[in-house]
Enquirer: 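A single structure is presented below for examination.
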Amino acid sequence: MIQTIYAGYNSEHPCTFSYHIDSGHTEWILLYVLTEFEIKIEQEWVHTPANQLVLFPPKTGGDYRAYQNINFINSWVSFHTDEAFILNTSFPSATPIECKTPDLVNHLFHMIAAENFFDYEYRSQSISHLFHLLFYKMNECCKTENNSSTLGKLQQIRFEITSNPAFPWSVSYIAGRLNISAGYLQKLYKKNFGNSCMDDVYRQRTKLAQEYIIHSNYSIHQIAGICGYQNTEHFCRHFKHLTGVTASDYRKEHKKAEKH
C-alpha cells in the first residue's frame, strides 16, 4: 500500500530557497528538481545540474537549496509505504541521479499530484500504478548511471593512478575529466572503491617511494619530487601516516636488514 501525504508539481521557489530534511522523519520523500540546484553531500554543498531525481527514505536527512540567482523548481511527493518494490529499491539515498526521460517522469509526478488531490473511486489503485511506473523509470536511470561511461572512465582513471601516481592528480582534475562535480566524484569513488581518490593517490605514491628508498641512492627530497610531491614535508607526513615510520627510518631499517 502507498499512502501519499503531499504531492506537488512544478512548484517554483525564489532563488533564496533552502530546505532541510530532518533525519527523524518517518515518510519517504522523492524530489524531481527541474533547475540547477545545490545539495549537501558529506558536509559539502555540491552544484548539481537540472533534471535530477533525489530519494530520501525514512530517517534519512538532507539539505538542498536554490543555486545562485536561479529560482528553484521541483516536483515532489511524500508518502508512507510497505510496498516491496520501494522498500527494496536499488535507487541510492539522498544522491542526485540524472533523469533520462524528464518529460515522462515529470508527467508522472503531475498525475500523482492530481490523483492525490481528487478523491476518485480508483484513487489508490491509480497511484499504485503510477508509482510502479515512476520507480521503473528511476531504476532505469540508476542502471544507466551505473553502466554509463562515467564508471568506465572512473575505473580507467584508477588504473592510471596506479600506473602513474606521480602525475599531479587532484579532485578537481579528476572531476573535470568525468564532467561531474567534485562532491559527486568523492561520493561515487568511495561507493565503488571504498576510499577517496586522493587516498589512492597517496597510497600509490607511498609504494613508489618505498621502492626508490630501498633501491636507489636518491635523497628523501629527490624521492618526494619523483613521486609527485612539490613539498617534501607534505610527502614525509603522508609517508609516516601510511607506513608508521618516517622515510628516513624506513631507509635505515632496510639498510640494517641488508647487512644481516
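Numbers here simply count residues along the sequence, with the first being 1. Nothing here was measured: the structure is a model prediction, and the numbers come from that model.
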Enquirer: More than 12 foreign heavy atoms under 6.0 Å from CG of Asn69: is that the case here?
Expert: no
Enquirer: Heavy atoms only: give me the nearest Phe193-Gln155 pair and the separation to one decimal.
Expert: CZ-CG, 4.1 Å
Enquirer: Atom NE2 of residue position His234 - does it have more than 12 heavy atoms of other residues, nucleotides or ligands inside 6.0 Å?
Expert: yes
Enquirer: Which atom pair, heavy atoms only, marks the closest approach of Val245 to Phe239?
Expert: O-CD2, 3.4 Å
Enquirer: Are Ile41 and Leu185 linked, directly or through intermediate hydrophobic residues, by side-chain heavy-atom contacts shorter than 4.5 Å (ILVMFWY only)?
Expert: no
Enquirer: State the CD-OH distance between Gln125 and Tyr122, to the nearest 0.5 angstrom.
Expert: 7.5 Å
Enquirer: I'd like to check Phe235 versus Ile223 (side-chain heavy atoms, cut-off strictly below 4.5 Å). Are they in contact?
Expert: yes
Enquirer: Please name the pair of heavy atoms, one in Ala166 and one in Arg205, separated by the smallest distance, quoted to 0.1 Å.
Expert: O-NH2, 4.2 Å
Enquirer: At their closest point, which heavy atom of Thr60 faces which heavy atom of His25, and how far apart are they?
Expert: O-NE2, 2.8 Å
Enquirer: Decide side-chain hydrogen bond (donor to acceptor under 3.5 Å, both in side chains) for Asn116 and Tyr6; before the verdict, give the C-alpha distance in whole Å, the side-chain angles of both, and the deciding distance to 0.1 Å.
Expert: CA-CA 8 Å; Asn116 186 61; Tyr6 299 107; over 6 Å; no
Enquirer: Indicate, with yes or no, if Tyr9 and Leu55 share a hydrophobic cluster defined by side-chain heavy-atom contacts under 4.5 Å among Ile, Leu, Val, Met, Phe, Trp and Tyr.
Expert: no
Enquirer: Does any donor atom in the side chain of Tyr19 or His13 lie under 3.5 Å from an acceptor atom in the other side chain?
Expert: no
Enquirer: In plain terms, say whether Glu115 and Arg123 are close enough for a salt bridge, that is, a side-chain N and a carboxylate O under 4.0 Å apart.
Expert: no
Enquirer: For the residue pair Thr232 and His221, confirm or rule out a side-chain donor-acceptor distance under 3.5 Å.
Expert: yes
Enquirer: Nearest 0.5 angstrom please: Leu134 CG to Asn106 CG, how far?
Expert: 10.5 Å
Enquirer: Would you give the length of the straight line joining atom CD1 of Ile5 to atom NE2 of His80, rounded to the nearest 0.5 angstrom?
Expert: 3.5 Å
Enquirer: In the single-linkage hydrophobic clustering (I, L, V, M, F, W, Y; side-chain heavy atoms under 4.5 Å), do Leu31 and Ile2 co-cluster?
Expert: no
Enquirer: For Ser248 and Thr246, does a side-chain donor sit closer than 3.5 Å to a side-chain acceptor?
Expert: no
Enquirer: Please answer: with hydrophobic residues joined when any side-chain heavy atoms are less than 4.5 Å apart, are Val77 and Trp28 in the same cluster?
Expert: yes
Enquirer: Going only through I, L, V, M, F, W and Y residues with side-chain contacts under 4.5 Å, is there a path from Val171 to Phe167?
Expert: yes
Enquirer: So, for Tyr136 and Phe85, is the gap between ring centers shorter than 6.0 Å?
Expert: no
Enquirer: So, for Ile39 and Ala94, which heavy atoms are closest and what is the spacing to 0.1 Å?
Expert: CD1-O, 4.1 Å
Enquirer: Going by distance alone, is a donor N or O of one side chain under 3.5 Å from an acceptor N or O of the other, for Tyr189 and Asn195?
Expert: no
Enquirer: Does the side chain of Ser11 pick up a donor-acceptor pair with the side chain of Asn74 at under 3.5 Å?
Expert: no
Enquirer: Provide the closest heavy-atom pair for Ile73 versus Thr35 in the form atom of the first, atom of the second, distance.
Expert: N-OG1, 3.2 Å
Enquirer: How far does CE of Met1 sit from OG of Ser124, to the nearest 0.5 angstrom?
Expert: 7.0 Å
Enquirer: Go through the structure and list residues passing salt bridge (charged side-chain N to carboxylate O under 4.0 Å, His left out) with Glu160, not counting sequence neighbours.
Expert: Arg177
Enquirer: How far does CG of Leu242 sit from CZ of Arg203, to the nearest 0.5 angstrom?
Expert: 7.0 Å
Enquirer: Got a sec, which hydrophobics cluster with Ile70, joining ILVMFWY side chains under 4.5 Å apart, including via others?
Expert: Tyr67
Enquirer: How far apart are the C-alpha atoms of Phe17 and Phe37, what are their side-chain angles, what is the distance that settles it, and do they pass the ring-ring contact (aromatic ring centres under 6.0 Å, His included) test?
Expert: CA-CA 10 Å; Phe17 174 79; Phe37 70 109; over 10 Å; no
Enquirer: For Tyr173, does the OH atom have more than 12 heavy-atom neighbours from other residues, nucleotides or ligands under 6.0 Å away?
Expert: yes
Enquirer: Using 0.5 Å steps for rounding, measure from the OH atom of Tyr229 to the NE2 atom of His238.
Expert: 5.0 Å
